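Every number for a ligand or one of its atoms is a count from 1 in the order of the listing. Heavy-atom basis, side chains included; hydrogens, waters and symmetry copies ignored. Here the structure is a predicted model, which is why all the values come from computation and not from measurement.
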Amino acid sequence: MIFDYIIVGAGLAGSVLAERIANKLDKKVLIIEKRGHIGGNCYDHYDENGILVHKYGPHIFNTDSKEIWNYLSKFTEWYLYKHEVLGFIDGKNVPIPFNLNTLKELLPESKARELKEKLVDKFGYNVKIPILELKEVEDEDLKRLTDFIYQKIFLNYTVKQWGMKPEELDPSVTGRVPVFISNDNRYFQNSYQGMPKEGYTKIFEKMLNNKNIKILLNTDFNEVIDADFTTNKIDLFGEEFKGKVIFTGKIDEFFNYEFGELPYRSLRFEFENEDLEYFQEVGTVNYPNNYDFTRITEFKHLTGQKKHDTTIVKEYPQNYDMKIKSKEIPYYPIPKKENLELYDRYKEKTQNFDNIIFVGRLAEYRYYSMSDVIESALNIFRNDIDE
Ligand code: UDP
């Protein structure tokens, strides 16, 4: 088969583009995937106890885009799950993000009422405020409250998760879970949220099940394609490739780490099966101030699966180190100024290659949600491919 496109990576970005190119344009695609399976970090499978688990950590789909929801709905039906998270704070489980219910649970009743009034007066009801913005308030009571929230919910969790304090990271990081002046305990307020009824892997299987798509698993792109940085030409199996390449791997790796490595944060997951119907009340419980893990997720809450036993996963953040097997997965780009500047240097180099498109969490070095990745891939398809 003569390929029109080579796609490096069978994760969300690569699979969405492969699907669009194969189905809409009827062009031929070769996907090169390092792992032994498709689906990237969204990959899920049944564990040895028959429980559907997410191998690379919990993924809960949420979006405000009707277009993205409809797009994914072509490949799956949905279990309309609304994610709820509790935080173990001062000996009890309270709603996260911090909201008016959390306030009531953690503070004496009259104090909570007084602070609620002050918050609503100052900001309004149903309003979200990132913790680092809330730090600017002048009112002494609200200042004390902000400090309390910062200390109990954000500081230790962030240090555990990133090895840094909230102020050392781009404000958008802690801004993902803003203080919410509301009684809504859902983790996401997006218009569309849910879990694929048969799991994420099935979505990828459907997307990629097309005669125009061939997939090479267990293959590092370096074994198959060769980019010449002086002529800007690409070889596939030693012969010049005249089509286009879509690269969804690490952008610094593509350029042989010429300007140095882009930093990432990694995770170690511990899965445990418990002989209980349910281990905890909700999908995820965060532990900002206790233990070495950040959170425990119980898959049955997410998927709605019924079973007499249950599987949970504990997330242990760790440094990323591509030379150590247990630390080699780059889960999170680290959003802070100098890292984004380093990324910009790599991005500039991509302009030399008009036959390569860089897309996705690793190639764009962005702390992307699943919806963000799909949006980026569909935009690229619309603007640069479907011409
Ligand atoms: N965060 C926190 N305490 C919490 C929940 C989140 O400090 O209880 C901060 C922390 O810095 C975290 C960030 O908010 O990395 C984003 O949280 P989110 O749940 O979106 O992280 P993800 O699910 O992407 O790992």
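If you look at Arg295 next to ligand 1, the close heavy atoms, those under 4.0 Å, all belong to the side chain.
Nearest protein heavy-atom neighbour of atom 3 (N) of ligand 1: Ile153 O, 2.9 Å. Ranking the protein heavy atoms by distance from atom 16 (C) of ligand 1 puts Val173 O, 3.5 Å first. Here the heavy atom of the protein found nearest to atom 12 (C) of ligand 1 is Tyr157 CE2, 3.8 Å. Nearest protein heavy-atom contact of atom 20 (O) of ligand 1 is Arg176 NE, 2.8 Å.
For ligand 1, the atoms sitting less than 4.0 Å from at least one non-hydrogen atom of Trp162 are 11 (O), 12 (C), 15 (O), numbered in the order shown with element in parentheses. For ligand 1 and Tyr367, the ligand atoms under 4.0 Å from any heavy atom of the residue are 16 (C), 21 (O), 22 (P), 24 (O), 25 (O).
Looking at Ile203, Asn209, Leu208, Thr201 one by one, the single match for side chain to side chain contact (heavy atoms under 4.5 Å, CB included) with Glu205 turns out to be Thr201.
Geometrically, Lys128 engages Phe180 in a cation-pi contact defined by less than 6.0 Å to the ring centre and at most 45° from the axis. Annotation: cation-pi geometry not satisfied between Arg361 and Tyr331 (NZ/CZ under 6.0 angstrom from ring centroid, within 45° of ring axis).
Checked against a 6.0 Å centroid threshold, the rings of Phe154 and Phe98 do not count as neighbours.
Distance check, rounded to the nearest 0.5 Å: CZ of Arg268 to CZ of Phe293 gives 11.0 Å.
Under the 3.5 Å distance criterion, with hydrogens and angles disregarded, no donor-acceptor pair is assigned to the side chains of Arg186 and Asn62.
Between Glu114 and Lys111 a salt bridge is recorded (basic side-chain N to carboxylate O distance below 4.0 Å).
Atom 19 (O) of ligand 1 has its nearest heavy-atom neighbour, among Tyr287, Tyr332, Tyr187, Phe154, in Tyr187. Comparing Thr294, Asn286, Thr158 by heavy-atom distance to atom 5 (C) of ligand 1, the nearest is Asn286. With Ile60, Val177, Thr284 as candidates, the residue nearest to atom 9 (C) of ligand 1 on a non-hydrogen basis is Val177.
Annotation: Gln161 places no N or O atom under 3.5 Å from an N or O atom of ligand 1; distance criterion only.
Of the possible donor and acceptor atoms, one in the side chain of Asn232 sits under 3.5 Å from a partner among the backbone N and O of Asn352.
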